[in-house]
Undergrad: 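Would you mind keeping the following structure in view while I ask a few things?
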Protein chains: 2
Amino acid sequence: MPLAGPIGSLPLPSFLEKRLFSTTPPVRSLTINNINPHVKEAKYAVRGELAIKSEQYKAQIARGEGKDLPFDSVIAANIGNPQQLDQKPLTFFRQVTSLLENPALLECQDLLEQNAGYQSDVFERARRLLKDVKSVGAYSQSQGAPGIRQSVADFIERRDGYPADKELIYLCAGASAGVNSLMNVICASPNTGVLVPIPQYPLYTATLALLNAKVVPYYLDEGTAWGTDLGGMREALAKAKKEGIDVRAVVVINPGNPTGASLKAEDIRGVLEMAAEERLVVLADEVYQTNVFEGEFFSFKKGLRDLQKSEGNAGGKYDNVELASLHSISKGMVGECGHRGGYYEMVGFDPEVVAQIYKFVSIMLCPPVIGQALVDCMVAPPKTGEPSYPLYEKEYNHIFTSLRQRANALYTAFQKMEGVTCNSPAGSMYLFPSIHLPAKAIAKAKEEGRGADEYYCLRLLEATGICIVPGSGFGQREGTLHFRTTFLAPGTEWVGRITEFHQKFMEEFR
Amino acid sequence: MPLAGPIGSLPLPSFLEKRLFSTTPPVRSLTINNINPHVKEAKYAVRGELAIKSEQYKAQIARGEGKDLPFDSVIAANIGNPQQLDQKPLTFFRQVTSLLENPALLECQDLLEQNAGYQSDVFERARRLLKDVKSVGAYSQSQGAPGIRQSVADFIERRDGYPADKELIYLCAGASAGVNSLMNVICASPNTGVLVPIPQYPLYTATLALLNAKVVPYYLDEGTAWGTDLGGMREALAKAKKEGIDVRAVVVINPGNPTGASLKAEDIRGVLEMAAEERLVVLADEVYQTNVFEGEFFSFKKGLRDLQKSEGNAGGKYDNVELASLHSISKGMVGECGHRGGYYEMVGFDPEVVAQIYKFVSIMLCPPVIGQALVDCMVAPPKTGEPSYPLYEKEYNHIFTSLRQRANALYTAFQKMEGVTCNSPAGSMYLFPSIHLPAKAIAKAKEEGRGADEYYCLRLLEATGICIVPGSGFGQREGTLHFRTTFLAPGTEWVGRITEFHQKFMEEFR
């Protein structure tokens, strides 16, 4: 917990020391009992207690005070943060942003080409982007720079075979910021409900908690590799409606987080059919669209346009479908989390509603412009025949292959672990195995006031320095236990730490 | 308005064309009448109708279709966005960020020193920052990278003469994001109130509207160069309390936006005294702390520590004061708006409340890391004797002097304009003159369903291409009219456009 502690090793003036370490609690305006209750309710386990504890271990080791710990490094497998581990940024992307940061380097083209591996297309891209934004230190339009939004529209058209309108594409500070904007507009009262898959990325439940709206859970089917159960989704909706909840939107994470599963085209059509019949906004979180190992990615936008096309002229049931699909520079082979970039495309929204979303995003001025530029690189990477293409392709494929190898290594290890079952790696950056723990372990966890999955993850962290997230942080069926781990950390040594811990843990509570 | 229009000049498939231009309105989930009412209520004039219209003019001119317009360029004087006009970024800052974006350039030190003006301290800074964040593409800690927070703590200590704790310094995506986080925690119910100066930067009223909390206005005194009237502030508070409002915080913008006025040390102590007696959180928006032409900047943090020191041991009335002070890379001589960086320091907050703020910021993962690096450059710029210092000092002073010159040129023009009165430029990036318009102009505005100041600004935009913001966007005393203009645009030609328009406008309605 980021509590107010002593101020480093500074000598404190006595009046301050007395205040900071006073034992009488001061009277304050804000206390844990009177702040916004919805902030208190929001949960975000990906960066919760375990993550904070792992940061403390890391700092302890960095200070050289870790010799009593039973491990010598901390593995942050709790969060999809590739560049904090060993993933290198894509060279083309960062060469471009280096020029955007210091346009004086545009004058050193020959020098950088001869000595630093820059190619001519890097300079062309930087010049085009600078023409669009003028300076990466200037606010852009609230919804993002127009030229970059056009690049996104072109990308969507190439991907789906249907045109896209740059005026309905909003750049954002990562997909999380996009979800936040959309949810702020959707959630009108405590009675507003949003269908959310379980398990889910906790951004959704946290945002709905903050907005005092209702999560309407629908369960993914672990038995069919975390498939989307359309019948179950409709039942969840019917039940919520019966309870008087004003359900307005359905969240679909495709490929799934934490599950990795890709929706089949027929399931996408099924979700859109339900959305059309029940008048629901579809929020398609498609940030893992390139992290696909099994099956293939099929976008909600394409699904919708296909359905509209098959209906022929206007007046059909799919006319009314509102779809917002989100993408991000943080995932895929790009992995530029720290730059906070992404976009969402809105299809079928009422223009008056779009204008309100515009106003909402204006209040925070604009998404980070360097992050916008990286969106441009992501949606329009070097093409075959262009000078930067060979290296880009090599790096991209290396990252893809290495992610798949790591996923498989981890999967193989999980298959050998007692009481652990795991679907084969299908996509995203995560595995989400189910764990069956001995009754004594569950009882011990209860004794300590923790869920059994949380207890297991805490013990793993304390024993191995590996930070993973309990299934309860994402939601899981009553009576089941899971954890989520990324497969981003390099090497296999850490996988061995997990299997060794697991065996000991199972022995301890047998 | 960013409405869904035809998709550029793309040939549309007929099923799409029929849908996009269908005259029967589709049935949708979201309409202007059922979305979050608090989003609808929020107002943000800095990027409102006039700003959108000015962007349209700009695009029209860029397309070569502007020959029928009575102006040949658009001047965005509505927003403090220095690098969109002609302010150059500080060289040291951008040299550092270019290395952070492409660390391969660290291997080209000799080359860049000999050919691109890089100095050795640029490389040292980049290396230190990379050690702290590993990669600018990795998520940092939710509250920002620890080394950068330590730089901020050191800066605050040098500035104020009192230590600061890096654990209570949170980096954020511009001060706006910081205000948003703090307000989310403070606003617990529709009955929560926050004291806000009038005129104010509309972020405050917009955020309170979104959170469904109450603005408790206190008026700045135009007659004393927009001074802070402590008596008036206490009256506003007393009135709100009498109405049953749970007033929890007071916003102070120092130096003021839109007014430019700096609070005197005695007024700061007065605000803190009220906060102590009435248990209010002080939100000190100090983003213009280096944009000071008259008087000098005195921080709330120093004010508070001075008072605590003068009280001696703990147990005094200032023990309980909660202060959050905000700073930003967007303003000052830095002007890196597009990078979205800033910080806030929390003093005196309950640790449990800080933990909730930590959780809240975690949901959005972390502030942009390049923006964090620029915070480091801002709080620890090159020092006397360091190789980058001479250029840094020259650039910094040039920007400062040139802002003051522009402010004075504009002020001189306003003094000559009929019916316009303006306080002398004191700081920030704005002038906020009062305008006295003829009764006929006021009647005409009313006829068009607009406030008189809004009508004036719209007519100015249509006639000259200059975009300014009506005083109603910031709040003004009943019966008075103002506008806010930045003094960032280069040259004096545009000032001439304003005076010419003004004269004609006054003639037209005389």
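Every chain is numbered from 1, with letters handed out A, B, ... down the list of sequences.
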Undergrad: For A:Cys187, is it the side chain, the backbone, both, or neither that has a heavy atom closer than 4.5 Å to a heavy atom of chain B?
TA: backbone

Undergrad: Taking the side chain as everything from C-beta on, heavy atoms only, tell me whether B:Leu111 gets closer than 4.5 Å to A:Leu111.
TA: yes

Undergrad: If every non-hydrogen atom of B:Gln83 is compared with every non-hydrogen atom of B:Val334, which pair is closest and at what distance?
TA: NE2-O, 3.5 Å

Undergrad: Is it the backbone or the side chain of A:Arg279 that comes under 4.5 Å from a heavy atom of chain B, or both, or neither?
TA: both

Undergrad: Under a 4.5 Å cut-off applied to non-hydrogen side-chain atoms, are A:Glu167 and A:Val354 in contact?
TA: no

Undergrad: Hey, which of A:Val281, A:Thr207, A:Val321, A:Asn212 has the most heavy atom pairs under 4.5 Å with chain B?
TA: A:Val281

Undergrad: Would you check, one step at a time, whether the test side chain to side chain contact (heavy atoms under 4.5 Å, CB included) holds for B:Asn184 with B:Leu211?
TA: CA-CA 7 Å; B:Asn184 259 278; B:Leu211 292 168; 3.4 Å; yes

Undergrad: Which atoms of A:Val133 are under 4.5 Å from chain B, going by heavy atoms: the side chain, the backbone, both sets, or neither?
TA: backbone

Undergrad: So do A:Asp319 and A:Glu311 actually touch side chain to side chain, heavy atoms under 4.5 Å?
TA: yes

Undergrad: What part of A:Phe93 gets within 4.5 angstrom of chain B, counting heavy atoms only: side chain, backbone, both, or neither?
TA: neither

Undergrad: Would you check if A:Cys366 and B:Arg340 make a side-chain contact, meaning some heavy-atom pair closer than 4.5 Å?
TA: yes

Undergrad: Write down the atom of A:Val369, the atom of A:Val136, and the distance for their closest heavy-atom approach.
TA: CB-O, 3.6 Å

Undergrad: Hey, which of B:Asn180, B:Asp350, B:Ile186 has the most heavy atom pairs under 4.5 Å with chain A?
TA: B:Asp350

Undergrad: Out of B:Met364, B:Glu322, B:Lys359, B:Gln84, which one racks up the most heavy-atom pairs below 4.5 Å with chain A?
TA: B:Glu322

Undergrad: Flag the one option from B:Val96, B:Leu85, B:Thr97, B:Leu210 with the top tally of heavy-atom pairs under 4.5 Å to chain A.
TA: B:Thr97

Undergrad: Check each atom of A:Ile329 against the heavy atoms of chain B and say whether the ones under 4.5 Å are side chain, backbone, both or neither.
TA: neither

Undergrad: Do you know the tightest heavy-atom contact between B:Asn34 and B:Ser29?
TA: ND2-O, 2.7 Å

Undergrad: Determine whether A:Leu30 and B:Phe349 make a side-chain contact, defined as any pair of heavy atoms from C-beta on separated by less than 4.5 Å.
TA: yes

Undergrad: Using a cut-off of under 4.5 Å on heavy-atom pairs, state which of A:Pro368, A:Gly371, A:Gly341 scores highest against chain B.
TA: A:Pro368

Undergrad: So which of A:Ala206, A:Ala42, A:Ala116, A:Cys108 has the biggest tally of heavy-atom pairs under 4.5 Å with chain B?
TA: A:Ala42

Undergrad: Of all residues at least two apart in sequence or in a different chain, which pass the side-chain hydrogen bond (donor to acceptor under 3.5 Å, both in side chains) check with B:Asp246?
TA: B:Arg248

Undergrad: Chain B: which of A:Met346, A:His339, A:Glu336, A:Lys40 shares the most heavy-atom pairs with it under 4.5 Å?
TA: A:His339

Undergrad: Show the nearest heavy-atom pair for residues B:Pro103 and A:Arg94, with the distance to one decimal.
TA: CD-NH1, 4.4 Å

Undergrad: Name the region of A:Lys134, side chain, backbone, both or neither, that has any atom closer than 4.5 Å to a heavy atom of chain B.
TA: side chain

Undergrad: Identify which of B:Ile32, B:Ile357, B:Leu100, B:Ile79 forms the greatest number of heavy-atom pairs closer than 4.5 Å to chain A.
TA: B:Ile32

Undergrad: Under the side-chain hydrogen bond (donor to acceptor under 3.5 Å, both in side chains) test, which residues partner A:Ser142, sequence neighbours left out?
TA: A:Ser362, B:Arg47

Undergrad: Can you tell if the side chain of A:Tyr139 reaches within under 4.5 Å of the side chain of B:Ser330, non-hydrogen atoms only?
TA: yes

Undergrad: When you compare the side chains of A:Ser98 and A:Tyr118, does any donor N or O come within less than 3.5 Å of an acceptor on the partner?
TA: yes

Undergrad: Please state whether the side chain, the backbone, both or neither of A:Gln356 comes within less than 4.5 Å of a heavy atom of chain B.
TA: both

Undergrad: What residue in B:Asn115, B:Leu203, B:Ile370 has the most heavy-atom pairs under 4.5 Å with chain A?
TA: B:Asn115

Undergrad: Give, as side chain, backbone, both or neither, the part of A:Gln141 having an atom under 4.5 angstrom from any heavy atom of chain B.
TA: both

Undergrad: Between A:Pro367 and chain B, which part of the residue has a heavy atom less than 4.5 Å away: side chain, backbone, both or neither?
TA: backbone

Undergrad: So for A:Leu112, is it side chain, backbone, both, or neither that comes closer than 4.5 Å to the heavy atoms of chain B?
TA: side chain

Undergrad: Picking from B:Leu280, B:Leu374, B:Thr91, B:Val353, which has the most non-hydrogen pairs under 4.5 angstrom with chain A?
TA: B:Val353

Undergrad: Heavy-atom distance under 4.5 Å to chain B: side chain of A:Ala104, backbone, both or neither?
TA: neither

Undergrad: Tell me, side chain or backbone of A:Phe360 under 4.5 Å from chain B's heavy atoms, or both, or neither?
TA: side chain

Undergrad: Please classify the contact between A:Glu55 and chain B as side chain, backbone, both or neither, with a heavy-atom cut-off of under 4.5 Å.
TA: side chain

Undergrad: Let me know if A:Ser189 has heavy atoms under 4.5 Å from chain B in its side chain, its backbone, both or neither.
TA: neither

